[in-house]
Amino acid sequence: MEPTTQRIPLRSAYKQREYRRHGIYAWLFILAQAAVVIALLFFFLITPVKVTGESMEPTLSPGDVLLIDRLSLYLRTPQRGNIVIFHHPHTGEPLIKRVVALGGETIEITGGKVYINGRLLDESSYSPESAADYPATLVEDGCVFVLGDQREKSLDSRSESLGCVPLSLLYGRVRLRVAPIDRPALFV
């Protein structure tokens with residue numbers, strides 16, 4: 001007679017159910033951790049913002065949804081050409097503008113052209129509208145001079161109510177346009 005080979009279960013049915021239940025709890029815990037990390041990223045580092053005004057057309061249009069990088073402002077100061085978001089110091093209204101001059105520089109607009117320290121600013125990469133003349137102005141240290149790309153419709157640093165924007169008022173830097181889906185853009 002041949003010996004019968006009978007498989008003996010390594011775990012009892014009770015233990016198998018218990019291990020399965022613990023496996024489900026482990027996956028739920030991992031998903032909860034991932035959700036917390038994503039929420040922290042979106043609330044503290046990357047913030048979605050919807051464009052409401054026309055001052056940055058044609059670069060940004062009303063209804064565009066942008067992702068704002070808040071961390072980069074802590075790591076380095078904004079550079080010329082960056083698009084930043086900040087709150088108006090008196091009204092609290094969020095504004096999105098382009099940095100054209102940095103602290104310690106002199107800005108002047110003559111004949112629709114922007115001059116920084118007497119040198120013509122190359123704005124060919126974003127093709128703004130020409131602007132009305134603006135007298136030579138020294139940008140204070142710790143501030144930036146911002147302009148909208150649609151210069152005639154923009155509330156920007158040329159306005160007495162706004163002026164040069166202190167770095168402390170900057171909320172974030174525009175990094176990505178995510179909507180509309182047919183016009184994605186990365187702003188470096």
Visitor: Do you know which two heavy atoms are closest between Pro180 and Arg177, and how far apart they sit?
Guide: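 Shortest heavy-atom separation between Pro180 and Arg177 comes out as CD-CD, 4.4 Å.
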
Visitor: Strictly below 4.0 Å, N to O, side chains only: are Glu123 and Arg151 in salt-bridge contact?
Guide: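 Looking at Glu123 and Arg151, the cut-off is met.
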
Visitor: Atom CZ of residue position Arg21 - does it have more than 12 heavy atoms of other residues, nucleotides or ligands inside 6.0 Å?
Guide: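 Correct, the count exceeds 12.
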
Visitor: Can you tell me which residue among Asp64, Ile68, Val51, Leu67 is in a side-chain contact (heavy atoms from CB on, under 4.5 Å) with Val174?
Guide: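 Answer to the side-chain contact (heavy atoms from CB on, under 4.5 Å) test with Val174 among Asp64, Ile68, Val51, Leu67: Ile68.
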
Visitor: For Tyr126, give me all partners under ring pair (Phe, Tyr, Trp, His ring centres under 6.0 Å), at least two apart in sequence or on another chain.
Guide: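 Partners of Tyr126 by the ring pair (Phe, Tyr, Trp, His ring centres under 6.0 Å) criterion come out as none, since no residue qualifies.
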
Visitor: In Å, rounded to the nearest 0.5 Å, how long is the span from OG1 of Thr59 to CG of Asp149?
Guide: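 The OG1 atom of Thr59 sits 4.0 Å away from the CG atom of Asp149.
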
Visitor: Provide the closest heavy-atom pair for Leu176 versus Phe187 in the form atom of the first, atom of the second, distance.
Guide: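 Between these two residues, the closest heavy atoms are N-CD1, 4.1 Å.
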
Visitor: Answer yes if Val139 and Leu167 sit in the same cluster of Ile, Leu, Val, Met, Phe, Trp and Tyr residues linked by side chain heavy atoms under 4.5 Å apart, and no otherwise.
Guide: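 As far as the 4.5 Å side-chain criterion goes, Leu167 and Val139 are not connected within one cluster.
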
Visitor: Of all the heavy-atom pairs spanning Arg183 and Pro58, show the shortest one and how long it is.
Guide: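 It is NH2-O, 3.7 Å.
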
Visitor: Do you see a donor-acceptor pair shorter than 3.5 Å between the side chains of Thr110 and Asp133?
Guide: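 Checked: Thr110/Asp133 side chains show no N/O donor-acceptor pair below 3.5 Å.
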
Visitor: Using modelled atom types only, decide if a donor and an acceptor are shared between the side chain of Glu108 and the backbone of Thr106 within a distance under 3.5 Å.
Guide: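 Not confirmed, Glu108 side chain does not pair with Thr106 backbone.
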
Visitor: Let me check something: do Leu95 and Val144 share a hydrophobic cluster, defined by ILVMFWY side-chain heavy atoms less than 4.5 Å apart, either directly or through other members?
Guide: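 Same cluster: Leu95 reaches Val144 through Ile, Leu, Val, Met, Phe, Trp or Tyr contacts under 4.5 Å.
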
Visitor: For Arg98 and Gly81, indicate whether the former's side chain and the latter's backbone hold a donor-acceptor pair under 3.5 Å.
Guide: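 The answer is yes, because a donor-acceptor pair under 3.5 Å joins these two groups.
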
Visitor: Locate the shortest heavy-atom distance separating Phe145 from Cys164; write the atom from each residue and the value.
Guide: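 So the minimum-distance heavy-atom pair works out to CD1-SG, 3.9 Å.
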
Visitor: Any sub-3.5 Å donor-acceptor pair from Asp69's side-chain atoms to Ile46's backbone N or O?
Guide: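 Flag not set: sc Asp69 to bb Ile46 has no pair under 3.5 Å.
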
Visitor: Of all the heavy-atom pairs spanning Arg173 and Leu73, show the shortest one and how long it is.
Guide: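 The answer is N-CD1, 4.4 Å.
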
Visitor: Work out which heavy atom in Val165 is nearest to a heavy atom in Ser157; give both atom names and the distance.
Guide: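 Shortest heavy-atom separation between Val165 and Ser157 comes out as CG2-OG, 4.2 Å.
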
Visitor: Nearest 0.5 Å please: distance from the CZ atom of Arg80 over to the CG atom of Asp122.
Guide: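 Arg80 atom CZ to Asp122 atom CG measures 11.0 Å (nearest 0.5 Å).
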
